Amino acid sequence: MFRHRHARKFRLWLWGVLALLGAGLALGVGGEEEERRTAVLLEISGAIGPATSDYVVRGMREARDRNAEIIVLRMDTPGGLDTAMREMIKEILSSPVPVATYVYPAGSRAASAGTYILYASHIAAMAPATNLGSATPVQIGGMPGVPEEPEREDRSRDRDDKNEEERNEGDASAEADEAQEERPAEPRRGETPMERKVLEDAVAYIRGLAERHGRNADWAEQAVREAVNLTATEALEKNVIDVVAESVDDLLQQIHGRTVKMEIGERTLDTENLQLVEIEPDWRSRLLSVITNPNIAYILMMVGIYGIIFELANPGNIFPGVVGVICLVLALYAFQVLPINYAGLALILVGIVLMIAEAFMPSFGVLGFGGIAAFVIGSIILMDEATLTISIPLIGGVALVSALFFIWVLTRLVGIRRRQVVTGKEEMIGLEGTAKEDFSGNRGRVWLHSETWSAESPVPVYEGDSVRVTGMKGLRLVVEPVAEETDTNKGAAT
């Protein structure tokens with residue numbers, strides 16, 4: 001009985017200790033989780049393309065899985081692809097985690113697509129000495145190198161013509177300036193139906209983003225139509241952004257307690273004592289970033305095409321063909337997601353075909369240099385997007401290498417045409433040998449090419465005479481005596 005009583009007390013004491021330990025562990029874990037509240041930082045740097053959107057979308061989903069309090073997009077971009085931008089904006093608008101886009105560090109910008117992303121974010125912030133704007137879609141500018149003629153200039157042309165005499169007298173300049181100041185500026189509408197379509201779509205899109213978060217929609221429209229810009233201080237004054245912050249920590253402190261509009265309602269931000277976690281691009285994003293670089297895609301295409309050409313010209317090498325196919329597939333994937341001008345791509349292919357034709361059907365430069373011209377023009381206009389263009393020095397270098405190659409091919413062809421034939425029937429014509437015997441019935445044997453040949457001659461030939469091959473009949477040579485030795489033999493016979 002005594003032992004049983006003590007055993008029961010011991011069990012009760014043990015359970016009590018375990019309960020206390022469990023409670024302490026739970027409190028510790030809860031406190032640790034409270035301390036681990038995070039803000040996820042994603043970096044947008046350089047031109048926005050497929051790799052950027054892939055990295056940002058996957059990073060935002062990871063932040064959602066981490067139960068992050070806020071996502072900070074630290075941005076410095078000149079703009080980029082419309083499709084990549086819209087994919088990122090869709091993810092921002094549907095995100096259950098608030099997104100703060102922060103233009104940082106000083107000297108950075110949120111131009112073109114960056115302005116749209118800034119307007120789409122729940123919090124728009126900038127560092128001092130940064131700017132945003134220039135959100136006009138570049139496609140409406142026409143072909144590269146073609147100057148734009150604003151519509152309002154056309155409308156004022158008649159007025160300028162009427163004042164031409166006064167300008168000649170020296171008074172028209174001041175009057176024209178005064179008339180220009182009095183006349184209100186007209187919003188840009190686009191020169192063609194396609195330009196107007198693209199422009200109005202962009203205006204409606206950015207105004208919708210501005211109205212969603214209560215920001216300055218009129219300035220947003222002006223940024224699209226007129227490509228205007230604002231500094232950080234001006235943007236704050238005009239209600240384009242919410243905060244001007246010196247650093248990410250300063251940003252988190254300033255937005256604490258703010259209420260933002262989410263997809264499912266409003267939410268008050270709690271950004272105090274957050275642990276900042278930066279998500280770096282993984283290998284997939286890095287690989288996508290490399291191969292979707294226009295210059296890399298261009299090089300991959302050239303390596304792929306020339307690799308396949310070398311494999312076809314020298315079957316069985318295998319290595320050029322394998323490398324060429326892999327590079328060409330990667331290049332085609334990159335072109336699929338890049339803004340390709342198909343006229344430029346067609347010119348590149350035509351140029352390569354013409355250069356190959358020069359090697360197989362020599363035209364002494366007509367096909368080769370025509371192909372180089374088509375190749376260079378196609379390379380220049382290959383990319384439609386201003387922020388994603390191929391480097392001119394790269395185009396020049398590839399064109400120069402191609403030109404040098406085909407100049408070498410031409411010189412080789414000229415040299416081959418001048419070279420004497422060294423094999424076959426043509427090589428035998430004109431060679432000289434020695435008669436091994438007197439010809440009987442105009443036939444005999446000659447020593448030629450370290451070999452004994454059957455030969456025939458329309459004139460007498462004597463042993464030891466030097467003979468020259470003038471033709472072949474099957475395996476029998478047609479020869480004639482060399483003049484000097486023939487004369488000598490005739491004199492000896494006399």
Side-chain angles (χ1 to χ4, degrees), residues 32-80 84-85 87-111 113-130 132 232 241-256 258 260 262 267 269-290 292-293:
E32 186 178 359
E33 289 180 352
E34 184 69 22
E35 293 177 358
R36 287 182 179 177
R37 294 189 313 118
T38 59
V40 171
L41 177 65
L42 302 174
E43 183 83 24
I44 301 177
S45 180
I48 294 173
T52 311
S53 63
D54 177 78
Y55 159 66
V56 170
V57 169
R58 295 170 72 238
M60 291 179 62
R61 292 173 182 172
E62 183 177 342
R64 179 189 60 196
D65 296 338
R66 288 171 177 255
N67 294 320
E69 292 291 331
I70 192 169
I71 300 170
V72 179
L73 299 181
R74 190 167 59 194
M75 182 164 59
D76 177 15
T77 178
M85 173 198 76
E87 185 178 356
M88 294 165 61
I89 288 176
K90 287 179 182 178
E91 191 69 23
I92 291 172
L93 296 178
S94 62
S95 173
V97 181
V99 177
T101 298
Y102 180 37
V103 185
Y104 180 89
S108 301
R109 55 179 170 167
T115 301
Y116 290 83
I117 295 172
L118 200 67
Y119 263 90
S121 302
H122 305 99
I123 296 291
M126 299 174 68
T130 57
L132 82 160
I241 62 172
D242 305 305
V243 175
V244 175
E246 297 285 346
S247 63
V248 175
D249 291 335
D250 184 27
L251 169 65
L252 296 177
Q253 290 179 4
Q254 291 193 47
I255 65 177
H256 176 70
R258 285 179 178 260
V260 295
M262 306 293 293
R267 175 173 173 176
L269 301 179
D270 181 10
T271 57
E272 280 189 341
N273 302 320
L274 295 182
Q275 180 183 1
L276 193 62
V277 177
E278 183 173 0
I279 298 179
E280 298 283 347
D282 58 12
W283 67 269
R284 181 177 182 273
S285 297
R286 293 181 188 276
L287 176 62
L288 190 62
S289 176
V290 170
T292 54
N293 181 301

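Nothing fancy with the numbering, it's 1 onward along the sequence. Computed from a prediction, not measured in an experiment: that's the story for all the values here.
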### Message
Walk me through whether T130 and Y104 qualify under side-chain contact (heavy atoms from CB on, under 4.5 Å).
### Response
CA-CA 7 Å; T130 57; Y104 180 89; over 6 Å; no
#### Entry: Side chain proximity check, R58 to I279, heavy atoms < 4.5 angstrom
no
### Query
With R109, which residues qualify under side chain to side chain donor-acceptor pair (under 3.5 Å), at least two apart?
none
### Query
Would I48 and I117 count as a side-chain contact (heavy atoms from CB on, under 4.5 Å) if you check the C-alpha gap in whole Å, the side-chain angles of each, and the deciding distance to 0.1 Å?
CA-CA 11 Å; I48 294 173; I117 295 172; 3.6 Å; yes
### Query
Can you tell me how far OG1 of T101 sits from CG of L132, rounded to the nearest 0.5 angstrom?
11.5 Å
### Query
Is R66 salt-bridged to E62, cutoff N-O under 4.0 Å?
yes
### Task
Taking all non-hydrogen atoms of both residues into account, name the closest pair between Q254 and V244 and its distance.
NE2-O, 3.2 Å
### Summary
Between I70 and the options V260, V99, D270, I255, the side chain to side chain contact (heavy atoms under 4.5 Å, CB included) test singles out I255
### Query
For V97 and A68, which heavy atoms make the closest approach, and how far apart are they?
CG1-O, 3.5 Å
### Message
Can you tell me how far apart CE (M262) and CG (L93) are? Round to the nearest 0.5 Å.
### Response
10.0 Å
### Query
Would a distance-only check, ignoring hydrogens and angles, find a side-chain to backbone donor-acceptor pair under 3.5 Å from T38 to V40?
no
### Query
What closest approach, in Å, do A84 and G49 show between heavy atoms, and which atom pair accounts for it?
CB-O, 3.4 Å
### Message
Could you report the tightest heavy-atom contact between L252 and A39, atom names first, then the distance?
### Response
CD1-CB, 4.3 Å
### Query
Is P128 close to E246 at the side-chain level, that is, under 4.5 Å between some pair of heavy atoms?
yes
### Task
Give the minimum heavy-atom separation between I92 and A120, together with the two atoms involved.
CG2-O, 3.6 Å
### Query
When rounded to the nearest 0.5 angstrom, what distance separates CZ in R284 from OG in S289?
12.5 Å
### Query
Do Q253 and E272 have side-chain heavy atoms sitting under 4.5 Å apart?
no
### Task
For E280 and E43, run side-chain contact (heavy atoms from CB on, under 4.5 Å): C-alpha distance rounded to whole Å, both residues' side-chain angles, the deciding distance at 0.1 Å, then the answer.
CA-CA 8 Å; E280 298 283 347; E43 183 83 24; over 6 Å; no
### Donor-acceptor contact below 3.5 Å, side chain Y55 vs main chain I44
no
## Note on the structure
Rounded to the nearest 0.5 Å, the CG atom of L269 sits from the NE2 atom of H122 at a distance of 9.5 Å
### Summary
Rounded to the nearest 0.5 angstrom, the CG-CD1 distance for L118 and I123 is 10.5 Å
### Query
CG/L274 to CG/L41 distance, rounded to the nearest 0.5 angstrom?
12.5 Å
### Message
Using side-chain hydrogen bond (donor to acceptor under 3.5 Å, both in side chains), reason through S285 and D282 one step at a time and then give a plain yes or no.
### Response
CA-CA 5 Å; S285 297; D282 58 12; 3.2 Å; yes
### Summary
Residues passing the salt bridge (Lys or Arg N to Asp or Glu O under 4.0 Å) test with E69, sequence neighbours excluded, are R37, R267
### Query
What is the minimum heavy-atom distance between M126 and Y102, and which atoms define it?
C-CE1, 3.7 Å
